[in-house]
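Data block below; observations after.
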Amino acid sequence: MKLLAICTGTVAPLLYRTAAGDVKTVASGINKKAVSTLHEPNPVELKKLGLQGDEQCNLSVHGGLDKAVYMMPAEHYSFWQLRRQAHNLDSNLLWGMLGENLVVEGLLESEVRLGDELEIGGVRLRVTDPREPCFKFAIRMGYGNAPKDMVQQGNCGWYLRVVQTGSLKAGDAIVRHANASGKTVLEQFRFLTRKGQMDLLGD
């Protein structure tokens, strides 16, 4: 289990086109870019409310103590590359494309449980909730069914609470302390999306 990349971004206008063809913008923090990679493992400070240099837009559904950091398995990128190809979109996806802060290898929603704690570098994080896709994810991915694809695949990633602040960098090993009594992230995601409800408030 390893941290492959750290991604941050500030709140900025997200451009989209309506069904009527009008071009509009909405504020979002979903546009993340890698600031620490295996090639350039720059250390990044993590505080209680998130990574240095990172912002969230709608704090009612993203950010805060229980959703300070968003983690995504690197294994899901191949799926999104294929979906983008199917829509004739650029499939050369860079880390951060899915709006995540931490890209990891060796952890999946079917295994990670709510309440698990992860040690990475000098920090400790606790798994709190799965990410629910919204219309801003569809805008980011370039096609309208992207949230539905995430629901069907269950490749949602998960939010984390910062238990111990400190510094981390790409390449750091991950030590998982499992909460055997917790639901898996996938189980909780299926529960939250069982009737197709999805957060439409945005990243």
Nearest heavy atoms of [X] and [Y], plus distance in Å:
{"X": "P133", "Y": "P147", "answer": "CG-O, 3.6 Å"}
{"X": "A170", "Y": "I6", "answer": "N-CD1, 4.0 Å"}
{"X": "V103", "Y": "L3", "answer": "O-CD1, 3.5 Å"}
{"X": "G99", "Y": "Y70", "answer": "O-CD2, 3.3 Å"}
{"X": "A68", "Y": "Q56", "answer": "O-NE2, 3.5 Å"}
{"X": "S110", "Y": "T184", "answer": "O-CG2, 3.6 Å"}

Looking at F191, does the NZ or CZ of R194 lie under 6.0 angstrom from its six-membered ring centre and within 45 degrees of the ring axis?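 Here R194 passes the 6.0 Å and 45° test against F191.
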Check salt bridge (Lys or Arg N to Asp or Glu O under 4.0 Å) between R83 and all other residues, then give those that pass, not counting sequence neighbours.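 Only D149 meet the salt bridge (Lys or Arg N to Asp or Glu O under 4.0 Å) criterion with R83.
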What pairs with R161 under salt bridge (Lys or Arg N to Asp or Glu O under 4.0 Å), at least two apart in sequence or on another chain?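 Per chain and number, R161 pairs via salt bridge (Lys or Arg N to Asp or Glu O under 4.0 Å) with D66.
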Aromatic ring pairing F137/W80, orientation class (parallel under 30°, perpendicular over 60°, tilted between):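 Rings of F137 and W80: perpendicular, over 60°.
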Do the ring planes of Y16 and F135 sit parallel (below 30°), tilted (30 to 60°) or perpendicular (above 60°)?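 Y16 vs F135 ring planes: perpendicular.
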Donor-acceptor check, side chain of [X] to backbone of [Y], threshold 3.5 angstrom: yes or no?
{"X": "T128", "Y": "Y159", "value": "yes"}
{"X": "E75", "Y": "G106", "value": "yes"}
{"X": "K136", "Y": "A27", "value": "yes"}
{"X": "N42", "Y": "S36", "value": "no"}
{"X": "K24", "Y": "L15", "value": "no"}
{"X": "E109", "Y": "G157", "value": "yes"}

For side chain to side chain contact (heavy atoms under 4.5 Å, CB included), just list the numbers for L168 and L51, CA-CA rounded to whole Å, side-chain angles, deciding distance to a tenth of an Å, and then say yes or no. CA-CA 10 Å; L168 68 170; L51 293 161; 4.0 Å; yes
Just how far is it from atom [atom1] of [X] to atom [atom2] of [Y], taken to the nearest 0.5 Å?
{"X": "C134", "Y": "M150", "atom1": "SG", "atom2": "CE", "value": "9.0 Å"}
{"X": "R124", "Y": "E117", "atom1": "CZ", "atom2": "CD", "value": "4.5 Å"}
{"X": "L46", "Y": "L160", "atom1": "CG", "atom2": "CG", "value": "9.0 Å"}

Does one hydrophobic cluster hold both [X] and [Y], with members joined at side-chain heavy-atom distances below 4.5 Å?
{"X": "V104", "Y": "L118", "answer": "yes"}
{"X": "V123", "Y": "V35", "answer": "yes"}
{"X": "V175", "Y": "L107", "answer": "no"}
{"X": "L102", "Y": "L114", "answer": "yes"}
{"X": "M71", "Y": "F189", "answer": "no"}

Q164, H177, R176 screened by side-chain hydrogen bond (donor to acceptor under 3.5 Å, both in side chains) with E119, the one that passes: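 Filter result, single survivor: H177.
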List the atom pairs, with distances to 0.1 Å, where a side-chain N or O of residues 89-98 and a protein N or O form a donor-acceptor pair under 3.5 Å, not counting sequence neighbours.
unit_1	atom_1	unit_2	atom_2	d
D90	OD1	N92	N	2.9
S91	OG	Q85	NE2	3.4

State which residue, out of K33, K47, K67, K32, fulfils the salt bridge (charged side-chain N to carboxylate O under 4.0 Å, His left out) condition with D54.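 Going through the options one by one, the only one that passes is K32.
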Name of the residue among E132, R131, E187 meeting side-chain contact (heavy atoms from CB on, under 4.5 Å) with L192: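 Only match with L192 under side-chain contact (heavy atoms from CB on, under 4.5 Å): E132.
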Ion pair check, D116 and R113, cut-off under 4.0 Å: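 No, D116 and R113 are not salt-bridged.
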